[in-house]
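Report on one structure; see the data block that follows.
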There are 2 protein chains.
Amino acid sequence: MGRVTTTRGNPGGPRPRRTAPARRHGGDAPAPVSQRREHLVRLAADLFAEKGFQATTVRNIAQEAGILSGSLYHHFDSKESIVDEILTGYLDEVMPAYRKVVAERGNPRATVEGLVRAAFASLAPHRAAVTVLQNDWSYLQGMDRFAYLADAEREAERMWVGAIKAGQAEGLFRTDIDPGLTYRMIRDTIRLAVRWAGPGGRLDTGALADHYVKVMFDGVNAH
Amino acid sequence: MGRVTTTRGNPGGPRPRRTAPARRHGGDAPAPVSQRREHLVRLAADLFAEKGFQATTVRNIAQEAGILSGSLYHHFDSKESIVDEILTGYLDEVMPAYRKVVAERGNPRATVEGLVRAAFASLAPHRAAVTVLQNDWSYLQGMDRFAYLADAEREAERMWVGAIKAGQAEGLFRTDIDPGLTYRMIRDTIRLAVRWAGPGGRLDTGALADHYVKVMFDGVNAH
DNA sequence: GTCTATATTCAGATAGAC
DNA sequence: GTCTATCTGAATATAGAC
């Protein structure tokens, strides 16, 4: 609607020259097809995990790889397609893990514990995805391309809340807590763990899961 | 350093004319000094609470107020000074509340419960600050101007962890959980509640605090 | 597969007229 | 106190040389 199409405008201009592209191999194997691409995704993921998707620029990613930003577009359509790959990789792991736990049809306590452990287990290999889901959720929500995120979230909620309600029905869990509220508390706490289980890797997620299961089931009170 | 000073460049160009600045008074009192300013801060806060600080533009804020972005700079130095005001307002409320709870020197269980309730109570009036602290923490950390955030966080951690450790020493809390880890779990879960206690205001924070205290102390298991 | 060069758009911010 | 007009810088992305 009434777009102004001035043919002017050139911010940027001559950019500072870098010294050299810092090659990191001197005649390696030809690389199957997209080993280079996967490497770039991993570099991007590290940056996304540090500061989120929106806060990371394609120049950041390119610099990390020792190339210029324009060169990234030989490998990727767009910045969005990079994060798409990262998010899809996460969901392709965690959702089947959830479904497997539910399909085992153990008692609800075992199911909830299994879900907690599955969630924690997926944190370490997918820090970037989890960080992006926290930081940039509302941004991604606005895009048709990422509608699958909300779908997955709905399915996950059904599984968790179902297990909690079943546990209440069987008298395993107290009935004076709200299942939906409890699910969100649990989910959020696990996701946030990615921040301090962070790059330093000070805490392994197995130990975190143990800690969390203890507190969640029995509370902080001494018996 | 070799800046290109083309005299060109005019993104924006002729902007669509708005109909009128939507005045909301027709001869009110002269307004003490900065009633207008406070109003603008509140508008900005709503936007920050929705999508964070970095994701909100000064043009967003101005549009919400029915003025142009340049006009905002009559009231504020910069976008940062707006968020500074918001964050300061939050800390000026929550930190004294924490200190008061600790100063009462009740038993550690009462102290922890008091801290939880103080934290929840501060959510509703300061949604923007809490959202910004979550979304833009790493961005703000990099700036000297916001060093006071880390200071406050350190003081808060000392109070919480102190209460948890005291409770363990008195045999009130189980000793097989890590105080620092437990504090972060609690803190993060409370902060995240701001998202779904959100704009709809579906859940009042008093009820949330009740729910949370129950689960935290006694766990989800039935007795 | 990378670089050069640049288009395009949008961000925060400013000067001065009204 | 707001608007007009614009600057400056930075972001995503593209075209074509090498």
Side-chain angles (χ1 to χ4, degrees), chain A residues 3-25 28 30-31 33-37 39-40 44 47 51 53-63 65-83 139 143, chain B residues 1-25 28 30-31 33-40 44 47 51-63 65-83 139 143:
Chain A
R3 290 284 305 295
V4 187
T5 35
T6 46
T7 336
R8 304 167 289 145
N10 172 27
R15 274 161 297 91
R17 283 242 32 175
R18 287 169 312 98
T19 43
R23 288 281 141 61
R24 53 181 54 71
H25 53 67
D28 289 353
V33 164
S34 54
Q35 192 167 320
R36 176 74 172 134
R37 181 191 165 95
H39 177 61
L40 291 170
L47 291 169
K51 37 186 193 173
F53 172 67
Q54 288 187 93
T56 302
T57 70
V58 293
R59 281 178 173 82
N60 292 153
I61 302 168
Q63 186 176 32
I67 61 178
L68 290 182
S69 64
S71 306
L72 273 183
Y73 289 84
H74 175 75
H75 303 277
F76 304 100
D77 276 8
S78 66
K79 190 185 160 190
E80 274 170 26
S81 72
I82 303 178
V83 82
Y139 171 75
M143 319 182 62
Chain B
M1 37 176 75
R3 288 283 307 294
V4 187
T5 35
T6 47
T7 336
R8 304 169 288 145
N10 172 25
R15 274 160 298 88
R17 282 244 35 172
R18 288 167 310 97
T19 43
R23 288 280 141 64
R24 51 183 56 70
H25 52 69
D28 288 354
V33 164
S34 54
Q35 193 167 320
R36 176 75 173 136
R37 181 192 166 97
E38 278 171 41
H39 177 61
L40 291 170
L47 291 169
K51 37 186 193 174
F53 172 67
Q54 288 187 93
T56 302
T57 71
V58 293
R59 282 177 174 80
N60 291 154
I61 301 168
Q63 186 175 34
I67 61 179
L68 290 180
S69 64
S71 306
L72 274 181
Y73 289 84
H74 175 76
H75 304 276
F76 305 100
D77 277 7
S78 65
K79 190 185 162 191
E80 274 169 26
S81 73
I82 302 178
V83 80
Y139 171 76
M143 320 182 61

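Below, chains carry the letters A, B, ... as their sequence lines are ordered, and counting in each starts from 1.
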Q | Distance in angstrom units between B/I61 CD1 and C/dA13 C1', rounded | A | 13 Å
Q) Side chain of A/I67: nearest nucleotide among C/dG1, C/dC3, C/dA13? A) C/dC3
Q.
In whole Å, I'd like the distance from the NE2 atom of B/H74 to the C1' atom of C/dA15.
A. 15 Å
Q.
From NZ of A/K51 over to C1' of D/dA11, roughly how many Å is that when rounded to an integer?
A. 13 Å
**Q.** Residue pair B/H75 / B/R36, side-chain heavy-atom distance below 4.5 Å
**A.** yes
**Q.** From B/H74 atom NE2 to B/I67 atom CD1, the distance as rounded to the nearest 0.5 Å
**A.** 9.5 Å
**Q.** Shortest side-chain distance from B/K79, nucleotide among D/dC3, C/dA13, D/dA11
**A.** C/dA13
**Q.** A/F53 vs A/I82 side-chain heavy atoms within contact, under 4.5 Å
**A.** no
Q: Between C/dA13, D/dT14, D/dT4, spot the one nearest the side chain of B/L68, thanks.
A: D/dT4
Q: Would you mind reporting whether A/L40 and A/F76 have side-chain heavy atoms less than 4.5 Å apart?
A: yes
Q: Grab the CZ-P distance between B/R59 and C/dT9 for me, whole Å please.
A: 14 Å
Q | Proximal nucleotide (of D/dA11, C/dT14, D/dA13) relative to the B/Y73 side chain | A | C/dT14
Q) Does A/K51 make a cation-pi contact with B/Y139, if we ask for NZ or CZ under 6.0 Å from the ring centre and within 45° of the axis? A) no
Q | No-H, no-angle donor-acceptor pair, B/R36 side chain to D/dG1 base, under 3.5 Å | A | no
Q | Nearest-angstrom distance from the residue atom CD of B/Q63 to C1' of C/dC10 | A | 14 Å
Q.
In this structure, how many angstroms lie between the C1' atom of C/dG12 and the CD atom of B/E80, rounded?
A. 10 Å
Q. Would you say B/S71 reaches D/dC3's phosphate, i.e. side-chain N/O to OP1/OP2 under 4.0 Å?
A. yes
Q) To the nearest angstrom, how far is A/L40 atom CG from C/dG1 atom P? A) 10 Å
Q) Taking atom C1' of C/dA11 as reference, at what distance in whole Å does atom CD of B/Q54 sit? A) 12 Å
Q: Taking only the side-chain heavy atoms of A/S69 (C-beta and beyond), determine which of D/dA13, C/dG12, D/dT2 contains the nearest atom.
A: D/dA13
Q.
Using the side-chain heavy atoms of B/H75, tell me which of these nucleotides is nearest: D/dA13, D/dC3, D/dT2.
A. D/dT2
